[in-house]
K.L.:
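What follows is a structure written as structure tokens; I'll ask about it next.
Protein chains get the first letters and strands the later ones, always in sequence-line order, with residue 1 at the start of each. Keep in mind the model is a prediction, meaning the values are calculated, not measured.
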Amino acid sequence: MTPSQAEFRAWPFQEARTIIAQRQPAGDRPVLFETGFGPSGLPHIGTFAEVARTEWVRQAYGYLTGQPTRLLAFSDDMDGLRKVPLNVPQPQMLEQHLGKPLHVVPDPYGESTSYSAYMNAKLKAFLDAYGFDYAFQSSCAAYRAGHFDEGLQILLDKVADVRAIILPTLNESRRAVWSPFFPVCPDCGSVYATRVTGYHPERGTVDFVCDGQVGQVPGCGACGELPVTGGHVKVGWKVDWALRWFAYQVDYEMYGKDLIDSARLSGRIVRLMGRRPPVGLTYELFLDEEGRKISKSVGRGVTVDAWTRYAPLASLLYFIYQNPRRAKRLHWDIVPRCVDDYLAALRRYPEVPAAERPEQDVWHLFDRGRRVPEYGARVDFTTVNNLIAALGTDSERVLVDYLERYDPSARRYRDTITGLVQKGLNYYRDFVLPGMELRSPSSDERAMLRDLHERLAVADEADEETLQAIPFDVARAAGIQPRALFQSFYEVVFGQERGPRFGSFVRLVGKDKMLEMLASRLQA
RNA sequence: GAGCCCGUAGCUCAGCUGGUAGAGCAGCGGACUUUUAAUCCGUUGGUCGCGGGUUCGAUUCCCGCCGGGCUCGCCA
């Protein structure tokens, strides 16, 4: 490590240095970065953020040490469906599957083989869209493949100690019956209607009875003895976390501040099992407009789908990168500004001396600086959105042309510019256009617009000055202030108070198009 | 009760390892245009929550307090 690398202050480097200090990885196996996902509901920005941020730490770690690393995205699809989320279809159908592991609950969207498969696919689609290099691991598959067998036997051997750690944190009423093990009922498939009635460490099994109830779904009454290994039994939340840390020897995992207590307990359990917990970063949660935690099951806040529909994906990553330890409210207002900040960062990047680039946000976002897009145009997202509103046009081509006249250097970054225009248009079409009311012209206005139409029809469309003079001639002829004419014109034709310069707009869209627009409004 | 975060210009927020504060929007003034602009220039405005400490010097570090918010304490 060079001295300059030791001084990098960007947070992924700070995390990486903590790993070096606390875990002292020898490099004899890939250093493992884990991120956990609960497929009990639709992934939200926090879910994506966790993977993205973990990936950035991993990249920084690899940069500092040159050691092999691995990112494991773990999905707990053995978790049971405890309640039906408010924001997914077919609640009645799901109601019947309460208590079963998510990987056997049907997909309410009818697109995937199971509930969790659908949720997992959403997560993977996002990660793949950005080219994240990760290994996906389903919990169910891990249990069945025996990844956890060694740890499960240890937990069974030390079940009294595990209970001693967890019981004080539980409600008095649950302490007597609580077990770290959740048998999957071989008859009805429920994980939450069962309870353990006896432990047999010497045989590696537990006794169980399926006599509980989840929602309106009762247990089937089955009972018997099951091996704790091989996926017949899962372990409960905090124990499960510890089990993963143990089995995979996780070196690094971040989590939201809501899981601080859980992480502490899981840390005690993994130590009990004989290994050290990973280095962890607790990040602040993303909040909705009202400052409340964003929820998987209720669906508040700006969704990832919405962000990427109305703004570039990279701008979302840019937002996610910022200050993980700081709570951020997520509402639409911040998005355009975030895009502009992102563009500004791209613009600055080439000026930054090579040695200092790892301190730049975009260095982390784009493959350790290897794929940072070039962007040198003045055009920013605010400009684009203002222009869309001003021109009131739905045409991508017209907008791009206009922007390239406004800033000729924009031609060199046409892909980026086009992207901005497309996202801005999505927003315009979805939110501005439907609510826009074109006012019908009054009789006076009708006369002026007709006059405008007539004069324009005979004008030379190649001369912008001539075109620009027309509305003033109309105003003069009608004996009113040009300002009043323009206001009427914009309100009636564009549905807004202000608009583009008349002459240049006609030059751009063409005289015929303008005549057509006027004619159609004259009929209103 | 415990933990985390925040408290900087009217609003939304930046301020990285300490050297008397910045942006965007809003406001005000001006330019340009045949008094329409997505334009450009200029400009007003802050005891950096309060009180201590460290320091030659703190918005920036430490302690305490006040105020606001969230999370956990039901379950995984």
K.L.:
Between A:E284 (CD) and B:rC5 (P), how many Å, whole number?
P.N.:
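From A:E284 CD to B:rC5 P: 7 Å.
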K.L.:
With sequence neighbours excluded, tell me which residues meet side chain to side chain donor-acceptor pair (under 3.5 Å) with A:T18.
P.N.:
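Per chain and number, A:T18 pairs via side chain to side chain donor-acceptor pair (under 3.5 Å) with no residue.
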K.L.:
Quick test of your reading of the model: are A:E34 and A:R244 salt-bridged, counting only N-O distances below 4.0 Å?
P.N.:
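Between A:R244 and A:E34 there is a salt bridge, with a charged N closer than 4.0 Å to a carboxylate O.
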K.L.:
Categorize A:W11 for me: base, sugar-phosphate, or nothing, with a 4.0 angstrom heavy-atom threshold over every strand shown.
P.N.:
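The residue A:W11 makes no contact with any strand.
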K.L.:
What contact category does A:F489 fall into here, base, sugar-phosphate, or nothing, at under 4.0 angstrom with non-hydrogen atoms?
P.N.:
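A:F489: no heavy atom of the nucleic acid under 4.0 Å.
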K.L.:
Given B:rU71, B:rA76, B:rU34, identify the nucleotide with an atom nearest to the side chain of A:D258.
P.N.:
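The listed nucleotide nearest to A:D258's side chain is B:rU71.
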K.L.:
Taking atom P of B:rA38 as reference, at what distance in whole Å does atom CZ of A:R378 sit?
P.N.:
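Distance check: A:R378 CZ to B:rA38 P gives 15 Å.
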K.L.:
When A:F148 is tested against each of A:F246, A:W245, A:Y143 for ring pair (Phe, Tyr, Trp, His ring centres under 6.0 Å), which residue passes?
P.N.:
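Exactly one pass, corresponding to A:Y143.
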K.L.:
Just the rounded figure in Å: distance from P of B:rA76 to CZ of A:F74.
P.N.:
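These atoms are roughly 17 Å apart.
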K.L.:
Are A:R411 and A:E404 within salt-bridge range, i.e. N to O under 4.0 Å?
P.N.:
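Counted as a salt bridge, because a side-chain N and a carboxylate O are separated by less than 4.0 Å.
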K.L.:
Which whole-number value in Å describes the distance from A:I260 CD1 to B:rU71 P?
P.N.:
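In whole Å, B:rU71 P lies 13 Å from A:I260 CD1.
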K.L.:
Rounded to whole angstrom, note down the P distance from B:rC16 over to B:rG7.
P.N.:
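Each nucleotide's P atom is 12 Å from the other's.
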K.L.:
What's the gap between B:rG73 and B:rG15 when it is taken at their C1' atoms, as a whole Å value?
P.N.:
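Their C1' atoms lie roughly 37 Å apart.
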K.L.:
According to the Watson-Crick and G-U wobble definitions, with both distances under 3.5 Å, which nucleotide is paired to B:rA2?
P.N.:
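B:rA2 is paired, partner B:rU71.
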K.L.:
With C1' as the reference atom in both, quote the distance from B:rG27 to B:rU12 in angstrom, rounded to an integer.
P.N.:
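Each nucleotide's C1' atom is 16 Å from the other's.
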K.L.:
For B:rC65, what is the paired nucleotide under Watson-Crick or G-U wobble rules, both distances under 3.5 Å?
P.N.:
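WC or wobble partner is B:rG49.
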K.L.:
Scan A:K234 against the nucleic acid and name what it touches under 4.0 Å (heavy atoms): base, sugar-phosphate only, or nothing.
P.N.:
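Answer is sugar-phosphate: A:K234 comes under 4.0 Å of backbone atoms only.
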K.L.:
How many whole angstroms separate atom CD1 of A:I470 from atom P of B:rU33?
P.N.:
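Taking atom P of B:rU33 as the reference, CD1 of A:I470 is at 20 Å.
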K.L.:
Should the side chain of A:K257 and the base of B:rC70 be counted as holding a donor-acceptor pair, with the cut-off at 3.5 Å?
P.N.:
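Yes.
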K.L.:
Across all strands shown, which nucleotide pairs with B:rA38 by Watson-Crick or G-U wobble geometry, both distances under 3.5 Å?
P.N.:
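Partner of B:rA38: none.
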K.L.:
Does A:R82 count as lying over the ring of A:Y192, i.e. NZ or CZ under 6.0 Å from the six-ring centre, within 45 degrees of the axis?
P.N.:
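Positive - A:R82 is close enough to the ring of A:Y192 and near enough to its axis.
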K.L.:
Hey, does A:Y402 reach any base, or is it just sugar-phosphate, or nothing, if we go heavy atoms under 4.0 Å?
P.N.:
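If one applies the 4.0 Å heavy-atom cut-off, A:Y402 turns out to touch a base.
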K.L.:
So which one's nearest nucleotide on RNA chain B is more toward 5', A:A327 or A:G236?
P.N.:
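Taking each residue's closest nucleotide, the earlier one in sequence belongs to A:A327.
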K.L.:
When the C1' atoms of B:rG45 and B:rU8 are compared, how many Å lie between them, rounded to an integer?
P.N.:
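To the nearest whole Å, 13 Å.
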K.L.:
Report the distance from atom OH of A:Y283 to atom C1' of B:rC6, rounded to the nearest whole Å.
P.N.:
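Checked: the OH to C1' distance equals 19 Å.
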K.L.:
Within 45 degrees of the ring normal and closer than 6.0 Å to the centroid, is that where the cationic atom of A:R357 sits relative to A:Y349?
P.N.:
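Yes; both conditions hold, so A:R357 lies above the ring face of A:Y349.
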K.L.:
Is the closest basic N to carboxylate O distance between A:K234 and A:D240 below 4.0 Å?
P.N.:
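Looking at A:K234 and A:D240, the cut-off is not met.
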K.L.:
From CD1 of A:I334 over to C1' of B:rA23, roughly how many Å is that when rounded to an integer?
P.N.:
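Distance check: A:I334 CD1 to B:rA23 C1' gives 16 Å.
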K.L.:
Would you measure the distance from the C1' atom in B:rC75 across to the matching atom in B:rG69 and give it in whole Å?
P.N.:
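Roughly 25 Å separates the two C1' atoms.
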K.L.:
In whole Å, measure the gap between the P atoms of B:rA21 and B:rU34 for me.
P.N.:
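Result for the P pair: 44 Å, nearest Å.
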K.L.:
Look at the side chain of A:R326 and decide which nucleotide, out of B:rA14, B:rA76, B:rC75, has an atom nearest to it.
P.N.:
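Selected nucleotide (nearest to the side chain): B:rA14.
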K.L.:
Using a cut-off of 4.0 Å on non-hydrogen atoms, how would the nucleic acid contact of A:R325 be classed: base, sugar-phosphate, or nothing?
P.N.:
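Sugar-phosphate, no base atom in range.
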K.L.:
Which nucleotide, B:rA76, B:rU34, B:rC16, lies nearest any side-chain atom of A:R476?
P.N.:
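It is B:rU34.
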K.L.:
Closest to the A:T383 side chain: B:rU34, B:rA38, B:rA76?
P.N.:
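Of the candidates, B:rA38 comes closest.
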K.L.:
Sticking with atom P, work out how far B:rG19 lies from B:rG24, rounded to a whole angstrom.
P.N.:
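Nearest-Å result for B:rG19 against B:rG24 at atom P: 23 Å.
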K.L.:
A:D76 and A:L102: which non-hydrogen atoms are nearest, and at how many Å?
P.N.:
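Distance-wise, the nearest heavy atoms are O-CD1, 4.1 Å.
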K.L.:
Using both distances under 3.5 Å as the test, list the Watson-Crick or G-U wobble partner of B:rU59, or none.
P.N.:
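The base-pairing partner of B:rU59, which may sit in any strand shown, does not exist here.
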K.L.:
When the P atoms of B:rC61 and B:rC6 are compared, how many Å lie between them, rounded to an integer?
P.N.:
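Straight-line distance between the two P atoms is 10 Å.
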K.L.:
Would you tell me if any nitrogen or oxygen in the side chain of A:W178 comes within less than 4.0 Å of OP1 or OP2 on B:rA76?
P.N.:
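Answer is yes, contact under 4.0 Å.
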K.L.:
Whom does B:rG27 pair with, Watson-Crick or G-U wobble, provided both distances fall under 3.5 Å?
P.N.:
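Pairing partner: B:rU43.
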K.L.:
Tell me the interatomic distance from A:F502, atom CZ, to B:rU35, atom P, rounded to whole angstroms.
P.N.:
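Checked: the CZ to P distance equals 16 Å.
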K.L.:
Using a heavy-atom cut-off of under 4.0 Å over every strand shown, decide if A:R337 touches base, sugar-phosphate, or nothing.
P.N.:
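Base, at least one base heavy atom under 4.0 Å.
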K.L.:
OP1, OP2 of B:rA76 versus side-chain N and O of A:R174: anything below 4.0 Å?
P.N.:
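Answer yes for this pair, as a side-chain N or O of A:R174 is under 4.0 Å from OP1 or OP2.
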